Amino acid sequence: MEIAKTYNPKAAEDKWYPYWMQHKFFKSEPDSREPYTIVIPPPNVTGVLHMGHMLNNTIQDVLIRRARMLGYNACWVPGTDHASIATEAKVVALLKEQGINKKDLTREAFLKHAWDWKEKYGGIILEQLKKLGASCDWDRTRFTMEEDLSEAVIDVFIDLHNKGHIYRGVRMVNWDPAGLTAVSDEEVIYKEVNSKLYYVKYKIENSDEWITIATTRPETILGDTAVCVHPDDERYKHLKGKRVIIPMVNRIVPIIFDTYIDLEFGTGALKVTPAHDINDSNLGVKHNLEVIDTIAPDGKMSAEAKFYIGEDRFIVRKKIAADLEEMGQLVKVEDIKNKNGYSERTNAVIEPKLSMQWFLKMDKISKPALENVLNENIHLIPEKFINTYKHWMENVHDWCISRQLWWGQQIPAWYDGKGNTTVCKTKEEAFAKLRMQNVELRIEDLKQDEDVLDTWFSSWLWPITVFDPKVIKNGKANANADLKYYYPTNDLVTAPEILFFWVARLIIAGYEYMDAKPFTNVYLTGIVRDKQGRKMSKSLGNSPDPLDLIEKYGADGVRVGMLLCSPAGNDLMFDESYCEQGRNFANKVWNAFRLLQGFEVSDKIEQLQANKTAIEWFGNKLSEQLEIINDNYSKYRMSEALMLTYKLVWDDFCAWYLEMIKPEFVDGKSLPIDKATYAASISYFESLLKIMHPWMPFITEELYHLINERKEKDCIIVAEWPKQSAVNSKQLAEFEASKEIVTTVRNLRQQKQISPKEKLELIEKSDTQNSFFDEAVIKLANLSALKYSKEKIEGAHSFMVKSTEFFVPLAGSIDAGAEKERIAKELEYNHGFLKSVQIKLANERFVQNAKPELIELERKKQADAEAKIKALEEQLKTL
RNA sequence: GGGAGUUUAGCUCAGCUGGUUCAGAGCAUCUGCCUUACAAGCAGAGGGUCGGGGGUUCGAACCCCUCAACUCCCACCA
């Protein structure tokens with residue numbers, strides 16, 4: 001069979017993913033095994049795969065694949081999030097292209113469009129995940145706005161409302177006067193702009209005195225309901241209890257005192273406009289101020305303003321400044337820089353606006369979520385996030401859960417138009433309830449709250465409702481078999497950006513509704529950045545399309561590339577060259593296979609001692625490394641585990657083991673290999689494939705089948721994770737010593753820089769008796785690390801090795817002096833080491849304070865060093 | 001403004017309790033080599049005052065202080 005020199009990833013990808021699906025290897029049902037569960041952080045339905053998803057989901061897939069191989073009942077639940085804001089924006093934009101304005105549609109008609117859109121494009125990202133090799137149980141795919149899941153959200157709202165955790169109140173929102181909608185904080189872009197600071201004087205009531213305030217927004221003067229100064233400000237202490245007259249409108253308002261004021265800024269006096277500034281609003285609540293809304297939703301002055309009605313706020317700003325100047329109340333104007341919020345979508349200046357919203361009280365409900373992270377019931381990985389988490393949880397503010405959108409779960413609150421409200425599931429229920437307060441109520445008059453719930457208010461139930469959406473309704477005692485079996489899940493892999501938005505709330509909901517944590521470990525990935533450290537984003541255009549990368553380097557290559565540069569919790573500076581490295585690795589593995597499969601096996605030949613040594617060595621090496629790899633997995637040090645795997649395969653297996661067992665090449669033909677060595681090699685290769693499988697699922701599956709005949713369901717994806725056996729460290733050490741010698745030989749060859757052809761000529765001419773040659777090779781033979789025994793080598797003038805790597809006889813010789821020098825160096829080193837250990841042991845403080853086992857360790861180090869020195873000295877004598 | 005984090009070779013990062021197997025890895029670079037599994041390869045080499053300064057200690061990449069740069073989160077200044 002002719003096998004290509006380079007690995008072709010595409011064929012394996014197209015072949016194995018469907019095969020795995022067909023044999024239901026991803027499927028999971030409750031059984032007697034221990035479960036290992038991950039629920040996917042649901043990507044937005046609107047989303048297309050970006051590098052962040054790529055990283056995230058690769059890590060999850062690695063974890064789940066390894067768990068599967070370790071014999072757990074591995075279950076990875078996929079799904080998508082309805083993402084109200086993002087999706088609604090997309091749908092609105094799409095409709096606009098078709099000439100349809102959202103305002104002209106009824107809620108039902110709009111939702112129909114939205115669902116159509118979701119059906120058409122909503123599955124894209126999940127299809128993309130399959131290309132990556134994600135081994136999700138696709139039969140469990142969920143969507144946060146599915147009927148049952150939505151019902152659970154509504155039930156939770158009602159339940160929390162009944163428990164008194166949900167209330168309705170007035171809050172400042174970011175209002176987009178162009179889009180005529182509230183937008184979330186995330187959709188506000190702050191930009192530094194040049195603006196003007198106007199100093200305006202207000203007259204003190206019943207006095208000739210004036211107070212000067214500084215403002216960037218004079219148009220809001222019409223809505224002022226107080227002037228605020230710092231209680232410690234000597235300039236204004238005498239004004240306690242006084243009132244001021246607002247210019248133009250001549251309203252008389254109090255002077256209030258609050259430490260919120262910055263003494264240094266402006267004049268130290270602040271005009272308070274509770275309707276149009278978030279801080280002023282807070283002050284207003286605190287000091288019980290009147291709220292006068294002078295700016296209409298479209299950004300023009302409202303009737304309440306009394307002046308400039310119907311004119312845009314920016315025009316009014318100029319006009320009022322002129323008018324104030326005319327009245328002699330404008331003291332001066334300064335140029336300053338400040339930050340303005342702009343709407344991400346319309347680029348209009350955001351207007352803070354008060355509106356009625358629903359809130360969830362966070363104080364009580366969040367307690368267990370804090371405790372259980374602090375007591376490590378739930379691990380945050382890396383731990384540095386615990387601090388941030390703690391800080392946030394100790395300062396939680398109530399969560400605004402209503403959104404002025406249509407796409408999402410509509411709030412189950414009902415109004416009778418007469419000021420009566422009730423919260424319940426159905427219109428009929430609401431009617432029955434409100435009827436008691438309002439006997440004349442007709443069911444047609446009943447109105448449901450227009451707003452929908454925040455997306456996070458549905459996704460915070462995700463690890464619960466993906467298994468049993470009805471559990472909220474039925475109570476956790478009546479949870480279905482799935483939920484009982486899979487909950488709590490094991491790992492959550494997500495981005496640190498949403499630690500508060502989502503992770504904290506998942507934990508809260510977990511304790512509130514299941515009385516148990518939703519997961520044990522939270523692995524927080526880094527943010528994928530480009531080489532310049534910029535976050536990868538579509539708007540910057542600096543993000544490669546992951547699917548292009550897969551096309552170019554293969555899914556395995558991209559997975560390896562991604563994880564090679566992703567330390568837990570640190571951002572990763574992604575560069576395509578990592579994928580190249582991943583691809584190269586896949587190719588290396590492919591070629592190791594090509595070598596193995598090309599061997600001619602013979603049961604007639606004896607197994608060489610050198611092969612026995614090599615087999616023993618690699619067995620030890622494999623066990624040694626496997627243990628370290630497993631340990632790194634258990635600490636979620638993914639890139640470390642990957643690098644160790646990489647080196648085990650490339651350096652230890654390919655560069656050393658295979659070179660050693662590779663038969664000699666004689667007369668243009670490779671000699672056959674003995675059966676035992678071949679069998680051992682295949683078995684090792686198989687173990688390595690298994691260890692590589694979580695990282696590189698496709699190539700390993702492909703090779704697993706090429707290397708041996710397999711039954712239909714005998715696939716590496718469900719193969720058993722290799723077990724390590726006892727490690728003979730003495731043999732490992734011996735081998736390391738042999739490697740050193742071989743390296744010395746290589747170095748000598750390097751000095752001459754000869755090509756293989758020249759080398760052959762040299763060999764023929766060379767005198768094998770030259771001293772260097774004997775020395776190096778005799779050592780090798782003695783250590784039996786290599787197959788070329790002294791006799792064999794001495795006997796063969798045409799000596800030479802198979803694939804060149806190990807020895808080349810050289811004209812010229814190694815001088816004994818070099819060896820002496822080397823030993824002398826080593827001696828010096830060991831003396832130094834010994835000295836440092838002795839100092840440590842002589843240090844009273846160390847001896848008194850250190851743990852006994854630590855001291856024991858130091859003593860052992862001391863003894864070892866002494867022995868080593870002795871041995872080296874002996875060696876020096878013999879030279 | 002509040003909080004957290006980072007700073008170690010050209011790049012991306014390891015460095016557990018302060019000590020000599022600790023100054024490391026991978027990649028990149030440079031030099032040789034078309035070699036019979038693999039040039040997507042092989043062999044070798046060169047790269048670092050561990051951000052700056054100070055301190056504690058017999059001893060500091062590691063602990064303390066300080067300065068600087070960068071990043072993130074939260075709140076946003078009238």
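Chain A is the first sequence line, chain B the second, and so forth, proteins listed ahead of strands; every chain is numbered from 1. Source: prediction; values computed, not measured.
Checking B:G10 for Watson-Crick or G-U wobble geometry (two distances, each under 3.5 Å) identifies B:C27 as its partner.
With both ends at atom C1', the span from B:C38 to B:C33 equals 15 Å, rounded to whole Å. Look at the C1' atom in both B:G32 and B:A14: the space between them is 31 Å, to the nearest Å. To the nearest whole angstrom, the two P atoms, one in B:C67 and one in B:G59, are 26 Å apart. Nucleotides B:C16 and B:G54 are separated by 25 Å at their P atoms, to the nearest Å. B:U6 and B:C13 have their P atoms separated by 13 Å, with the value rounded to a whole Å.
Checking the phosphate oxygens (OP1, OP2) of B:C74, no side-chain nitrogen or oxygen of A:His397 falls inside 4.0 Å. Within the structure, every side-chain polar atom (N or O) of A:Lys390 is placed at least 4.0 Å from both OP1 and OP2 of B:G3. OP1 and OP2 of B:A40 both lie 4.0 Å or more from every side-chain N or O belonging to A:Tyr553. Residue A:Asn584 places at least one side-chain N or O under 4.0 Å from the OP1 or OP2 atom of B:G41. Distances shown here put a side-chain N or O of A:Trp650 below 4.0 Å from the OP1 or OP2 atom of B:C42.
Across the protein-nucleic acid pair, A:Asn279 atom CG and B:G2 atom P stand 16 Å apart, rounded to whole Å. Rounded to an integer number of Å, the gap from CZ of A:Arg594 to P of B:U36 is 10 Å. Atom CG of A:Leu834 is separated from atom P of B:G19 by 17 Å (rounded to the nearest Å). Note: OH (A:Tyr389) to C1' (B:C73) measures 15 Å, nearest angstrom. Between A:Tyr578 atom OH and B:A28 atom C1' there is a gap of 10 Å when expressed in whole angstrom units. Rounded to whole angstrom, the span from the NZ atom of A:Lys5 across to the P atom of B:U35 amounts to 11 Å. The interatomic distance linking A:Trp590 (CH2) with B:A40 (C1') rounds to 14 Å, in whole Å.
With sequence neighbours excluded, no residue satisfies ring pair (Phe, Tyr, Trp, His ring centres under 6.0 Å) with A:Tyr578.
For B:G47, the O4'-C1' to base torsion is within 90° of 0; the nucleotide is therefore syn.
Two residues are said to be in side-chain contact when any heavy atoms from C-beta on lie closer than 4.5 Å; A:Leu499 and A:Leu524 meet this criterion.
Residue A:Cys228 is out of contact with every strand shown, counting any heavy-atom pair closer than 4.0 Å. Residue contacts shown for A:Glu640 are limited to sugar-phosphate atoms, with no base heavy atom under 4.0 Å away. If you check every strand for non-hydrogen atoms under 4.0 Å, A:Phe500 touches sugar and phosphate atoms only. At a threshold of 4.0 angstrom between heavy atoms, the contacts of A:Asp277 are confined to the sugar-phosphate backbone, with no base atom among them.
Between A:Trp650 and A:Tyr646, the ring planes are tilted. Angles from 30° to 60° get that label.
When all heavy atoms of A:Lys5 and A:Asn587 are compared, the pair lying nearest together is O-ND2, 3.8 Å.
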